[in-house]
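Report on the following structure.
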Amino acid sequence: MASAAYTPGNPSGLVADLNEAQRAAVTAPPGPLRVVAGAGTGKTRVLTRRVAWLVHQGAAPWSVLAITFTNKAARVLKERLGALPGGESVYAGTFHGFGAWLLRRHGDTIGIDTRFTILDRDDQHRLLKLILDELAPGEGRLRVPAVAAQLSWLKNGSSGRAPLALDRSGMEDVFEAIATRYAERLRAASLLDFDDLLLESVRVLVEGAGVGDVLRDRFRHVLVDEYQDTNRVQRDLLLQLVPPGGSLTVVGDPDQSIYRWRGATIGNILAFEEDLGGGNTVVLERNYRSTGRILSCAEAVIAKNTERHAKRLVTSKDEGTPVEVHRAGDADEEGRLVAARIRRWVEAGRRPDDIAVIYRVNAASRAIELALRERSLPYRVVAGTEFFQRREVKDLLAYARLVENPADDVSFLRIANVPRRGVGDTSLAKIRQRAFDQGVPIAEAAREAATAGVSGKALKGLRELSQLLDRARAQPRRPVAAILALLAEGSGYKAMLETSHDELERSRVENVDELVAFARQLDEREPDVELSTFLERAALVSEQDDVEEDGGRVQLMSAHAAKGLEFPCVVVAGAEDGWFPHVRSVDEPGGIEEERRLFYVAMTRAEDELVLTFSSSRATYRGFERRLPSPFLGDLPPADIEVHDRAPSWGGAWSPGPRPAFSTPVAPPPVSGVEGEVVREVGSAWTVGDRVQHPYFGEGVLFDVGGRGEDTRVTVDFVGHGRRQLLLRHARLERIR
DNA sequence: TTGCCTGACCTTTTT
DNA sequence: GGTCAGGCAA
C-alpha cells in the first residue's frame, strides 16, 4: 500500500488518503473503540495511523501499547511509525512477549523469580513425560499431548469441550496429581510455560503491590490487533490494564477467527461493548486487496456461516480473472499441477515471492515441495519455529538456559549426557534422588555427584559439565554469541556432531553455527542485549516471523500461518473434504464454521489470482485414501470460477453446486472375512447396518462399532462422504427410520 | 552404559 | 512416514 503523505509537520496527511470509515476509526476519541475490519480493508494501516493520531493529539509515544499477533507484525508497525517523533518508544509486541516483559519487571511482587526461562511446547512435553512416568506409568493410557492440551485448556478458561475425558474412575485424581506436580516443578525450576506468561501477568496486575496502578498510569492507550483471536485470559489482561472507559482500540474480523482450539473466543470481539461498558464501533468494508471474483467466491463461502455478523465487502479493484479450481488424481499429481501453474505465473512475469501456496496441514507441503524442486522453482516453507525446534538448536539452547537459570531441571536433564559423558540412567537417578532429598535443583546436586554415590566416568563428566557452566556464567556481560560458542565447543557438542559417522548428524553443525551467527547479529544490532533476552526471543518466535520479503522464493505455509498476509497469486492446495474442513473438527460444535473461516482466510490472502486445487486420493499412514472435494467448493458461484477437471480415473467429474443427492440409500457393505459377523449391541443398542443421520455428513450406514463407554467409536459409511470413524460421545448421530 | 533392532502407534491448526 | 518404548548383546 502507498505510504502516507504524512510527515510530522503535516498532520492532515495522517488521514488524507483514508476512506471515510478508516478516518472515523483513526480519529475516534480516545475511549473504547472496536474496529471490525473485513479482509483486506486496511486494518494495519488504520492501526498504525491511529497510533500516530493519538500521539499527535498529545499522547506520549511511550504511553502507547500496541499488541499484535506476531513479532513480525509488531516490527512492521514500528517501522511504519518511523516518521513519528518518538515512534520507537511505542511498545509493540505480542501478548506473550508483553507478558514476559511485564513479569521480568514486576513478577517478584507475586513471588516469581524474574530470571525465569520460558518453557516451550517441546520442553513442556518432556517434563510432562517425566511426570507421567512417575505418576501414571504403564497402562494408564494418558498421553502427553492430551495432558498438555488439558492443562492449557484449564489455564485458558475452560471454554468449550475438554480435550481429555477424565470420567474413568480414578483418572481425575491422577490428572490432578499430574497438574500439581507439573506446577511444582515449574516453580522450583523458575520456568513459565506459554500460558503462564499470560495468566501470571493478569495475576501480577491484580495482586502485585502497586503494579496495576504503575502500568495503568504508563499505558494510557492500548491497541490490540486480531482481537477475534484473543482468549479469555488475554481479555482479562486488557481489562486489568485499561480502566473502564479508557483508551482501548481493538481491531479484528469475526469472520477470520481461527484459533478457537487455542481458547480464543469470538465472544471477545462480539461482546466488546458489554465488556467495556460502551464504546464505538467502526466497520471497514471497502476492500483494497482482492479482485471482485476472488471476493465474490470468498464471500459465498463465508456467507454460509450462521454465527456471524454479516458484512458486505466491496472491492476497489476490477473483476479480475476467474478463480481456478483444479482436480488432481493424487498428491504427486497435485504437486506437479501446482508447480506447473506457478511456472506459468513466473513466465508471465510474476516474481516467485509474489506467490504463496496455502494448505490446511503442514504435512501437505511435502508433495508440493517435491514438484517445485523438480521444476527448479525456488521456494521456502514458512515455519519460523522450526529452526528453534531442531534437536541440535534446542540442545545448545538448553546449555544456555542453564547458564541463565541454574534451576532449570528440564534443560539439565536434556543435556546431562549430551554429548555422552558416561552419565546413564543409574547415575542420573542417584543425582535426581539427591536433588529431591535436599530440595535443590538437579544441576546443584550434580555438582556434588560424589556425595550422591556417583563415581568413575559419570563423576568426571558431571564435574566437567559444572565447570563449563561456571565458566560461561563467569562473564555474563559477554556477547551472547561468545557464550554460545563457548558452550558449543567447550561441551564437546560440536565435536560430537563433526565426528559422527552419520551424514545427517554432521549436517547439524550448520544449524549450530547458524544459531551462533543469529546471536552475533543480535549482538551487533543491539549491543546491550543479554542472554536472557536472546533466550526469550528464541522461545517466542512465531511462524510468521519467518515469512520472507523479497526473498525471490515461493512461500509455502499453513492457513493459520497465512493469517494477516497477502500475495498477488495464491494457491490453496488440498481443498478436500477431510482437510477443509479437517476431519478432526467436524464433530465439534462450531467446528465446521471455524473451518469455513479458515478456508475464507486462505482465499482472501489473494490479491489478483486465486487457484484452488484438490486431489482424488492421498496416501496416508494407513494406505491410500479416496478423497472428495471440499464441500466449500460447492458454494463457489459458477460464474466466478473456471473448473479444470481432466476426466479422472475415479471419482467422476466435479462440478460446483451441492453434491448430487443419492435417491437410493447405499446398501451396507458386506462384512469382509468374518462369516456371519455377530451384530454387537452397544449401550442403547447401536447396531451394525443401522441407517443414521449426522448433522454434517448426512445420511449413512453403520458399518462397525468398537470400544466401550466413553470411547465407543462407530464407523459409518456416509452417502457422499465415504467411510468415517466417529467418537460416539461427540458425534451427534441419530438413527433414522 | 551404549548401540541397535523391532514393533506399536499415531498426525490439525501454534504462542 | 516418523517417533518411541522395550529388549538384547557387547
Side-chain angles (χ1 to χ4, degrees), chain A residues 67-74 93-100 118-122 124-126 129 133 137-138 141 143-146 148-149 152 155-156 163 192-198 226 229-231 233-234 257-264 358-364 366-367 382-386 388-389 391 417 419-429 454 456-458 461 501-502 536-546 557-563 574 578-586 588 591 594-595 597-599 601-602 618-623 625:
Chain A
I67 295 180
T68 54
F69 208 70
T70 65
N71 300 305
K72 180 166 178 259
T94 63
F95 266 108
H96 290 88
F98 176 67
I118 299 166
L119 197 75
D120 70 16
R121 203 183 86 211
D122 182 64
Q124 187 193 35
H125 283 199
R126 291 170 79 93
K129 186 163 168 3
D133 287 345
R141 305 290 297 138
R143 297 190 43 80
V144 169
S152 185
K155 287 183 178 186
N156 280 303
L192 296 177
D193 66 22
F194 288 138
D195 299 323
D196 292 335
L197 290 176
L198 303 176
E226 308 284 10
D229 281 322
T230 52
N231 64 26
V233 182
Q234 290 165 331
S257 170
I258 55 173
Y259 281 97
R260 205 180 51 119
W261 50 275
R262 210 165 77 182
I358 301 173
Y359 33 75
R360 175 68 236 263
V361 299
N362 286 308
R366 173 168 291 151
V382 174
T385 58
E386 204 179 57
F388 291 95
Q389 300 295 353
R391 172 163 43 95
N417 200 30
R420 306 240 126 88
R421 34 178 85 89
V423 187
D425 289 345
T426 319
S427 309
L428 219 45
V454 176
K457 224 171 156 188
H501 299 295
D502 185 344
E536 189 171 302
R537 296 210 190 159
L540 296 178
V541 278
S542 73
E543 293 281 297
Q544 273 192 20
D545 297 334
D546 194 42
M557 68 192 83
S558 72
H560 284 91
K563 187 172 81 151
W579 273 355
F580 282 113
H582 196 279
V583 250
R584 302 278 296 224
S585 60
V586 293
E588 299 186 16
E594 172 138 318
E595 296 291 310
R597 292 194 291 268
L598 196 52
F599 195 59
V601 166
R618 223 167 260 282
T620 71
Y621 69 96
R622 282 205 69 112
E625 241 172 46

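Throughout, protein chains are lettered first and strands after them, A, B, ... in sequence-line order, and every chain is numbered starting at 1.
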Using a heavy-atom cut-off of under 4.0 Å over every strand shown, decide if [X] touches base, sugar-phosphate, or nothing.
X	result
A:Arg366	sugar-phosphate
A:Asn417	sugar-phosphate
A:Phe95	nothing
A:Ser427	sugar-phosphate

Compare the minimum distances between each of [options] and the side chain of [X], then state the nucleotide with the smallest one.
X	options	result
A:Val361	B:dT2, B:dT14, B:dT12	B:dT12
A:Arg584	B:dT14, B:dT15, B:dT12	B:dT12
A:Ser558	B:dT12, B:dT15, B:dT13	B:dT13
A:Thr426	B:dT11, B:dT15, B:dT1	B:dT1

Stacking here means centres under 5.5 Å and planes under 30°; does A:His582 stack on B:dT12?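 So yes, this residue stacks on that base, both cut-offs being met.
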
Taking only residues two or more places apart in sequence, or in another chain, which ones meet A:Tyr359 in a ring-ring contact (aromatic ring centres under 6.0 Å, His included)?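 Per chain and number, A:Tyr359 pairs via ring-ring contact (aromatic ring centres under 6.0 Å, His included) with no residue.
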
Tell me every residue that passes side-chain contact (heavy atoms from CB on, under 4.5 Å) with [X], counting only those two or more places apart in sequence or in another chain.
X	value
A:Arg618	A:Ala331, A:Glu334, A:Glu576, A:Trp579, A:Ser615, A:Arg627
A:Asn417	A:Arg420, A:Arg421, A:Val423
A:Ala539	A:Ile118
A:Lys129	A:Asp133, A:Val144

Checking A:Glu595 now: which residues fulfil side chain to side chain donor-acceptor pair (under 3.5 Å) with it, not counting sequence neighbours?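 For A:Glu595, the residues satisfying side chain to side chain donor-acceptor pair (under 3.5 Å) (neighbours in sequence not counted) are A:Arg360, A:Ser585.
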
By side chain to side chain donor-acceptor pair (under 3.5 Å), A:Ser152 pairs with (sequence neighbours left out) A:Asn156, A:Asp195

Under 4.0 Å from OP1 or OP2 of [N]: is there any side-chain N or O of [X] that close?
X	N	answer
A:Asn362	B:dT11	no
A:Arg262	B:dT14	no
A:Arg143	B:dC9	no

Hey, which sits more toward the 5' end of DNA chain B by its nearest nucleotide, A:Ala458 or A:Phe194?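 That would be A:Ala458.
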
Looking at A:His560 versus A:Trp261, is the centre-to-centre ring distance below 6.0 Å?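 Under 6.0 Å, so yes.
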
Under-3.5 Å donor-acceptor pair between A:Arg360 side chain and B:dT13 base: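 By the distance-only test, yes, there is a pair.
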
What does the list of N/O pairs under 3.5 Å between the protein and nucleotides 5-8 of chain C look like, with a distance for each?
from  : atom 1 : to       : atom 2 : distance (Å)
C:dA5 : OP1    : A:Lys129 : NZ     : 2.9

Let me have DNA chain B in dot-bracket notation, would you? Count Watson-Crick plus G-U wobble pairs, both distances under 3.5 Å, and use [ ] for pairs crossing earlier ones and | for inter-strand partners. |||||||||......

Under a 3.5 Å distance rule, please check whether A:Gln124 uses its side chain to pair with a backbone N or O of A:Ala148 as donor and acceptor. no

